[in-house]
**Q** 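Dumping the structure here so I can ask a few things about it.
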Amino acid sequence: TIYPTDVRIAGEWVRATQQRMDAVIVVETDEHGRPVSRCSLIRDLDQGDRVVCGVEGVRINRPMVQKGEGEFAFMSAGVSTERRVELAVEQLAWEMKRVKARNGRIVFVAGPVVIHTGGGRHLGQIIRLGYIQSLLTGNALPTHDIEMNLFGTSLGVDLARGVGVHGGHQHHIKAINRVRAAGSIRKAVRQGIITDGVMYECVKNDVEYVLAGSIRDDGPLPDTLMDLNEAQAAYAAAIEEADMIVMLCSMLHAIGTGNMTPAGVRLVCVDISPAVVTKLADRGSVESTGIVTDVGLFLNLLARRLRDE
């Protein structure tokens, strides 16, 4: 589960570490001979590992949820298509400012729709303002972000005019090839090939990014992790000690990240489809909320709010 879990070992409760969903609990002893327990993926088990079987001696600590009228209830509401987006953005900006003030960690999970809807420049601005410590995505977002920088198109569509351009279907392949020739996204930035956009801001502001590949990827970019186990482990490492995770229009990466996230982390899912937002809310986390809206407009409002503050 996502909730803190204790295991009864030799008469005492031992808290399991590396808490996440879809895992088993391994019981070991540390260098002092004291019992310890940790969550592990089944594929990471070694022969001889002592794995908890059954439910006896296992205690799950679910938080008590109490809501009072008039209390500030950010991150506690359900999914709604009728919520005023401006208010949700204002509350999110307030929370992000608090996390930044205490040197907390904010992770963004984003899909290529961010670029297609014109939200790339706003996401880049949020990175430049110092509100994002890690960006988790796939091969498509950086590909079309770089395409936008080089050719002014995303999937061959001129975003300034909203129309396709002649030969535009080749632009993302050309963008990938230029980066592959440079060796990596970081090297392409240093060589002056990439001069603007989300990935440019990540490199310039030293923001960690993890690109998880899939079977449908073109290229892919040299930074994309095509080994699924490696990519999943890199995602899990990137969200360690995260205070907030904001998920933008990527059902695949959002749900995958949500399953790795323990209770206690703020989750915000933004998508035009209520079904995607509901899937995240159904994890059971009391710290999650969903915002059903266009992600390009959402990022515009959020960047403006963070910039003003």
Side-chain angles (χ1 to χ4, degrees), residues 106-129 131-162 164-165 168-214 216-226 231 234-235 238 246-254 270-271 294-300 302-303:
I106 301 176
V107 177
F108 268 54
V109 183
V113 177
V114 168
I115 308 301
H116 301 333
T117 58
R121 62 191 180 98
H122 306 301
L123 181 58
Q125 186 176 52
I126 295 170
I127 293 172
R128 194 162 57 247
L129 291 170
Y131 283 97
I132 301 176
Q133 282 64 58
S134 289
L135 174 66
L136 309 184
T137 184
N139 182 69
L141 182 145
T143 293
H144 297 298
D145 172 62
I146 296 167
E147 175 196 348
M148 180 66 189
N149 177 230
L150 297 179
F151 303 103
T153 62
S154 181
L155 266 181
V157 175
D158 184 338
L159 295 187
R161 297 181 296 137
V165 300
H169 64 285
Q170 303 175 11
H171 287 176
H172 74 286
I173 296 295
K174 291 180 178 179
I176 289 172
N177 286 340
R178 290 193 190 181
V179 176
R180 291 181 70 87
S184 70
I185 293 173
R186 194 172 300 277
K187 290 179 180 178
V189 171
R190 290 172 180 166
Q191 294 173 24
I193 298 171
I194 302 173
T195 59
D196 194 17
V198 174
M199 304 314 296
Y200 174 84
E201 296 296 346
C202 284
V203 173
K204 286 296 184 179
N205 293 278
D206 200 26
V207 170
E208 171 192 33
Y209 55 87
V210 181
L211 313 183
S214 71
R216 60 183 295 220
D217 287 335
D218 291 323
L221 290 164
D223 305 72
T224 303
L225 302 175
M226 296 305 293
Y235 263 46
V246 181
M247 303 170 175
L248 305 173
C249 289
S250 177
M251 180 169 67
L252 175 69
H253 297 105
V270 182
D271 204 290
D294 175 85
V295 71
L297 297 176
F298 171 84
L299 285 170
N300 188 353
L302 180 60

**Q** Would you check if the side chain of Gln133 reaches a backbone N or O of Val107 as a donor-acceptor pair within less than 3.5 Å?
**A**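 No, Gln133 side chain to Val107 backbone: no donor-acceptor pair under 3.5 Å.
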
**Q** Would you indicate whether the side-chain heavy atoms of Arg178 and Ile146 approach each other to under 4.5 Å?
**A**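 SC-SC contact between Ile146 and Arg178 ruled out.
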
**Q** Could you give the distance from OH (Tyr235) to CG (Leu225), rounded to the nearest 0.5 Å?
**A** 9.0 Å

**Q** Can you measure from CG (Leu297) to CG (Leu302) and round to the nearest 0.5 angstrom?
**A**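 Nearest 0.5 Å value for the CG-CG distance: 12.5 Å.
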
**Q** Look up atom CG in Leu252 and atom OG1 in Thr137, then write down how far apart they are to the nearest 0.5 Å.
**A** 10.0 Å

**Q** Is any side-chain heavy atom of Ile185 closer than 4.5 Å to one of Leu211?
**A** yes

**Q** Can you see which heavy atom on Cys249 is nearest to which on Val295, and at what distance?
**A**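 Minimum heavy-atom contact is SG-CB, 3.5 Å.
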
**Q** Show me the side-chain donor-acceptor pairs of residues 119-126 shorter than 3.5 Å, one per line, residues at least two apart or across chains.
**A**
unit_1: Gln125; atom_1: OE1; unit_2: Arg307; atom_2: NH1; d: 3.1

**Q** What's the separation between atom CD1 in Ile127 and atom CD in Glu201, rounded to the nearest 0.5 Å?
**A** 7.0 Å

**Q** Does the Asn205 side chain pair with the main chain of Val207, one donor and one acceptor, at a distance under 3.5 Å?
**A** no

**Q** Does Arg186 reach the side chain of Tyr209, with side-chain heavy atoms less than 4.5 Å apart?
**A**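 Yes, their side chains come closer than 4.5 Å.
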
**Q** Please identify each residue that fulfils side chain to side chain donor-acceptor pair (under 3.5 Å) with Arg161, with sequence neighbours left out.
**A**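 For Arg161, the residues satisfying side chain to side chain donor-acceptor pair (under 3.5 Å) (neighbours in sequence not counted) are Asp158.
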
**Q** If you compare all heavy atoms of Ser184 against all heavy atoms of Pro222, which two are closest, and at what distance to 0.1 Å?
**A**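 Heavy atoms only, the tightest pair is CA-CG, 3.8 Å.
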
**Q** So, the side chain of Asp145 versus the backbone of Leu141: is there a donor-acceptor pair under 3.5 Å, distance only?
**A** no

**Q** Would you indicate whether the side-chain heavy atoms of His171 and Leu150 approach each other to under 4.5 Å?
**A** no

**Q** Does either side chain, that of Asn139 or that of Ser214, offer a donor lying less than 3.5 Å from an acceptor on the other one?
**A**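 No, no side-chain donor-acceptor pair sits under 3.5 Å.
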
**Q** Closest approach of Tyr200 and Ile194, non-hydrogen atoms and distance?
**A**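 Minimum heavy-atom separation between Tyr200 and Ile194: CD1-O, 3.5 Å.
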
**Q** For the residue pair Gly168 and Glu147, what are the closest heavy atoms and their distance?
**A**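 So the minimum-distance heavy-atom pair works out to O-OE2, 4.3 Å.
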
**Q** Identify the two heavy atoms, one from Val114 and one from Ala110, that lie closest to each other, and give their separation to 0.1 Å.
**A**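 Residues Val114 and Ala110, closest heavy atoms: CG2-CB, 4.0 Å.
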
**Q** Working to the nearest 0.5 Å, report the span between CE of Met199 and CG of Asn149.
**A**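 Reported to 0.5 Å precision, the distance equals 12.0 Å.
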
**Q** Side chains of Leu299 and Leu248: does their closest heavy-atom pair fall under 4.5 Å?
**A**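 Yes, close enough: below the 4.5 Å cut-off.
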
**Q** To the closest 0.5 Å, what do you measure between CG (Leu136) and OG (Ser250)?
**A** 10.0 Å

**Q** Determine the minimum heavy-atom distance between His116 and Ser154, stating which atoms define it.
**A** ND1-OG, 2.6 Å

